[in-house]
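This report concerns only the one structure given below.
Worth saying up front: this structure is predicted, and the values here are computed from it rather than measured.
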Amino acid sequence: MGGHVKLAYRTVWISDVHLGTRGCKAEFLLDFLKHVECECLYLVGDIIDLWKLKTGWYWPPLHSDVLRAVLDKVKKGSRVVYIPGNHDEFFRDYAGSLLAGVEVMEKAVHETADGRKFLVLHGDEFDGVVCTSKWLALLGSEAYDLLLFLNRLFNQFRRKLGFPYWSLSAYLKHKVKNAVNFISDYEKTLIHAARDEKVDGVICGHIHHAAITDMEGLAYCNCGDWVESCTALVEDFRGALAVLHWADESAYLLTEFELEDRANKRRLAAAN
């Protein structure tokens with residue numbers, strides 16, 4: 001495959017990877033990290049799921065490969081900022097430190113190429129369940145893991161029929177009224193936090209729902225996740241923001257890379 005072909009961005013944000021769980025789409029994320037270059041990479045929380053690892057060890061080699069790919073970006077000169085979430089809150093104790101060249105912060109303010117300022121944080125501190133009833137959050141996490149397991153079975157069946165990946169869990173979440181109301185309330189709360197910080201918008205994760213929305217004159221941006229939708233938030237060199245859906249994009253992009261690689265090989269063979 002033509003690995004030399006890269007997508008270049010000024011900034012990339014990813015969140016809610018949940019390494020250490022069976023639901024993590026590490027193969028998609030590794031593919032993403034290999035094909036995307038950026039000046040700055042933000043890891044916006046829940047990168048390693050320490051909640052799940054405490055109840056049972058699950059760490060396949062692919063999860064280590066993801067961490068190596070992130071550290072490889074540090075070695076190549078990218079700035080990498082890690083803002084821990086509730087599932088990896090252990091690392092909040094290291095805020096203000098460098099870990100293997102990765103800057104650890106509780107939150108950050110990012111300035112885009114066009115001069116806008118964004119508050120960057122995971123967002124769990126604005127989730128009432130996480131803040132006041134951790135046992136309920138843990139119970140919800142277990143139920144969510146079950147839903148992701150069913151989602152894997154569902155997609156195995158779809159693959160056998162020749163259909164692409166589709167997130168059943170994301171579809172159900174967005175159809176349930178309470179979930180829709182929670183997402184709406186969460187977005188409004190984060191917008192108020194951005195206003196308090198006197199910035200132009202907020203970039204967060206936590207709720208596994210990628211979005212870019214204008215609300216009350218400010219921008220609400222969510223990176224999404226790598227257990228359901230396989231999404232990242234990206235900034236181009238003019239400062240424009242977009243959500244990249246890698247589960248969809250990679251199938252197209254990898255095909256393009258393969259076609260280009262084959263064409264290059266044919267040209268080389270003809271030259272010989």
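Scanning for side-chain hydrogen bond (donor to acceptor under 3.5 Å, both in side chains) contacts around E39 gives an empty result, with sequence neighbours left out. The side-chain hydrogen bond (donor to acceptor under 3.5 Å, both in side chains) search around K198 returns none, not counting sequence neighbours. Taking the side-chain hydrogen bond (donor to acceptor under 3.5 Å, both in side chains) definition, one finds that R22 meets it with nothing, sequence neighbours left out. Applying the ring-ring contact (aromatic ring centres under 6.0 Å, His included) rule to F237 yields no partners; only residues at least two apart in sequence or on another chain are considered. In terms of the ring-ring contact (aromatic ring centres under 6.0 Å, His included) criterion, residue partners of F91 (sequence neighbours excluded) are, by chain and number, Y82. Here E27 pairs with nothing under the salt bridge (charged side-chain N to carboxylate O under 4.0 Å, His left out) rule; sequence neighbours left out. Residues passing the salt bridge (charged side-chain N to carboxylate O under 4.0 Å, His left out) test with K73, sequence neighbours excluded: none. Judged as a salt bridge (charged side-chain N to carboxylate O under 4.0 Å, His left out), and not counting sequence neighbours, K75 has no contacts. Evaluation of the side-chain hydrogen bond (donor to acceptor under 3.5 Å, both in side chains) rule for D114 yields T112, R116 as partners, not counting sequence neighbours. Under the ring-ring contact (aromatic ring centres under 6.0 Å, His included) criterion, F118 pairs with no residue, sequence neighbours left out.
Ion pairing between a basic and an acidic side chain is recognised when a charged N comes within 4.0 Å of a carboxylate O; D72 and R68 show no such pairing. Using a 4.0 Å cut-off between a side-chain N of Lys or Arg and a carboxylate O of Asp or Glu, R92 and D124 qualify as a salt bridge.
Under the side-chain hydrogen bond (donor to acceptor under 3.5 Å, both in side chains) criterion, the residue pairs touching residues 93-106 are R79-E103, with sequence neighbours excluded. Residue pairs that meet the salt bridge (Lys or Arg N to Asp or Glu O under 4.0 Å) test with at least one member in residues 200-219, sequence neighbours left out, are R195-E216.
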